[in-house]
Number of protein chains: 2
Amino acid sequence: MPRIRDDRFDCSPGCTVEGTLRYIDGKWKGVVLYHLFEGTLRFNEIRRRLPNCTQRMLTNQLRELEADGLIARKIYPQVPPKVEYSLTPRGRSLEPVITALKTWGDANVALGPQTSQAAA
Amino acid sequence: MPRIRDDRFDCSPGCTVEGTLRYIDGKWKGVVLYHLFEGTLRFNEIRRRLPNCTQRMLTNQLRELEADGLIARKIYPQVPPKVEYSLTPRGRSLEPVITALKTWGDANVALGPQTSQAAA
DNA sequence: GCACATAGTGTCGAAAAGGATACCGTCATG
DNA sequence: CATGACGGTATCCTTTTCGACACTATGTGC
C-alpha cells in the first residue's frame with residue numbers, strides 16, 4: 001500500500017504523463033528497471049548494482065514494481081533462498097520510455113562534478 | 001532550494017535516467033510542461049488548466065522549472081501584473097520524453113474508475 | 001558452536017513533498 | 001467604499017518518502 005495510484009487523476013489533460021511517472025518514480029525504480037532490461041537478476045545481484053540503496057528500500061521498490069505488474073518475482077524453494085526478478089511484457093514495454101529519459105539525461109544532465117563518465 | 005540536484009548520482013549506471021526524472025518529477029511539472037508545449041501561457045492561464053493545484057504549489061513548480069532552465073519567466077511591469085511562462089530550448093527538448101511518457105501512459109494507464117475519457 | 005550467505009521484515013526517525021488557508025499591493029469597476 | 005483580477009508570499013500542518021539499524025530463518029562450511 002505504498003502509494004495510491006490511478007485514483008487521483010485530478011490534473012486535466014496530460015494525466016497519462018503523470019500516470020506513467022507514478023510508475024517509474026521512486027528513488028530506485030528507474031535504475032532497477034534499467035538493470036533488468038539486461039536480463040533476469042537475483043535480489044543480491046541487483047543489490048550489488050545499487051550499493052547505495054538499502055535492502056529495505058530495494059525490497060520496497062521491487063514490491064511496488066511487482067504490484068504494478070512491471071516485474072515478475074520467481075521464488076525457488078531452496079534453502080539458501082533464491083529469488084529471481086525479471087521484466088514482464090508490460091515492464092519491457094517501458095523500454096522506449098526509459099530510453100527517452102536516458103537519452104535526454106545523457107545530453108542534458110551533467111553528471112555532477114565527477115568525471116562525467118565514471119558513473120560506476 | 002527545494003531539492004538537491006546533480007549531487008547525488010550515487011546510483012551507478014542508469015543515473016541519467018534518474019537525473020532526468022528529477023527534472024520532471026514533482027506533482028505538477030509534467031502537466032505544466034505539457035501545457036506549455038502548446039505555447040506561452042500566463043500564470044492564471046496555467047492555473048485554470050490545473051484546477052486542483054494550489055497557487056502555492058504552482059508557484060513552486062514554476063520556480064523549480066525555471067531554476068532548472070526548462071521554462072522562462074517574463075514579467076511585464078504593468079499594473080495588473082502580467083507574467084508569461086514559456087519553454088526554453090532546453091525545456092522544449094524534453095518534448096520527446098514527455099511524448100514517450102504520454103504514449104505509454106495512454107496505452108497502459110487505465111484512467112481509474114472514471115469514464116476513461118473524462119479527464120477534464 | 002560460530003560465522004556466513006540468502007532474501008528478506010520491523011521499527012524508528014528525519015526530511016521532503018504536498019496541501020490549506022490567509023495575506024499582500026495595485027488598479028479598475030460597480 | 002467594497003469587490004475583483006492579477007501574481008504572487010507566509011505560515012502552518014499532514015502525508016509520504018527515505019534511510020539507519022537491528023532482526024529473522026535455514027542450511028553449509030570451519
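No hydrogens, no waters, no symmetry mates; every other heavy atom, side chains included, goes into these values.
- Distance CD (A:Gln61) to C1' (D:dC18): 9 Å, rounded to an integer number of Å.
- B:Tyr85 comes within 4.0 angstrom of the backbone, heavy atoms only, and of no base.
- Under 4.0 angstrom from either OP1 or OP2 of D:dG19 there lies at least one side-chain N or O belonging to A:Trp28.
- Note: the hydrophobic cluster containing A:Leu41 does not contain A:Tyr76 (ILVMFWY, side chain heavy atoms under 4.5 Å, direct or indirect links).
- Between the CD1 atom of A:Ile46 and the C1' atom of C:dA7 there is a distance of 11 Å, rounded to whole Å.
- Between D:dG7 and B:Arg73, no contact under 4.0 Å exists linking OP1 or OP2 to a side-chain N or O.
- Rounded to whole Å, the distance from CD on B:Glu84 to P on D:dC6 is 14 Å.
- Among the protein residues, B:Pro81 comes within range of the nucleic acid bases, having at least one heavy atom under 4.0 Å from a base atom.
- Following rounding to the nearest Å, A:Lys82 (NZ) and C:dG8 (P) show an atom-to-atom distance of 13 Å.
- A donor and an acceptor atom never sit less than 3.5 Å apart when one is taken from the side chain of A:Gln78 and the other from the base of D:dG27.
- Rounded to whole Å, atom P of D:dA10 lies 11 Å from atom CZ of B:Arg63.
- A:Leu58 is not listed as a side-chain neighbour of A:Trp28, based on a closest heavy-atom distance of 4.5 Å or more.
- Distances shown here put a side-chain N or O of B:Arg48 below 4.0 Å from the OP1 or OP2 atom of D:dC6.
- Summarising the geometry of A:Lys29 relative to A:Arg22, their closest heavy-atom pair is NZ-O, 4.3 Å, with the distance given to 0.1 Å.
- A sub-4.0 Å separation between OP1 or OP2 of C:dG8 and a side-chain N or O of A:Arg47 is absent.
- Ring pair B:Phe43/B:Tyr85 is tilted by interplanar angle, where 30° to 60° counts as tilted.
- Residue B:Lys27 has no polar side-chain atom (N or O) positioned under 4.0 Å from OP1 or OP2 of D:dT16.
- Between B:Leu50 atom CG and C:dG19 atom P the separation is 12 Å, expressed in whole Å.
- The separation between B:Leu21 atom CG and D:dT17 atom P is 14 Å, rounded to whole Å.
- Atom CG of A:Asp25 and atom P of D:dT16 are 14 Å apart (whole Å).
- For A:Met57, the listed nucleotide lying nearest its side chain is D:dC18; candidates were C:dA7, D:dC6, D:dC18.
- In this structure, the nucleotide among D:dT9, C:dA7, C:dG19 sitting nearest to the side chain of A:Arg42 is C:dA7.
- Scanning all heavy atoms of the two residues, the minimum distance from B:Leu62 to B:Ile71 falls at O-CD1, 3.5 Å.
- Nucleic acid contact class of A:Arg56 (heavy atoms, under 4.0 Å, all strands): base.
- Where A:Gln55 and A:Val79 meet DNA chain D, the nucleotide closest to each residue was compared, and A:Gln55 sits on the side nearer the 5' end.
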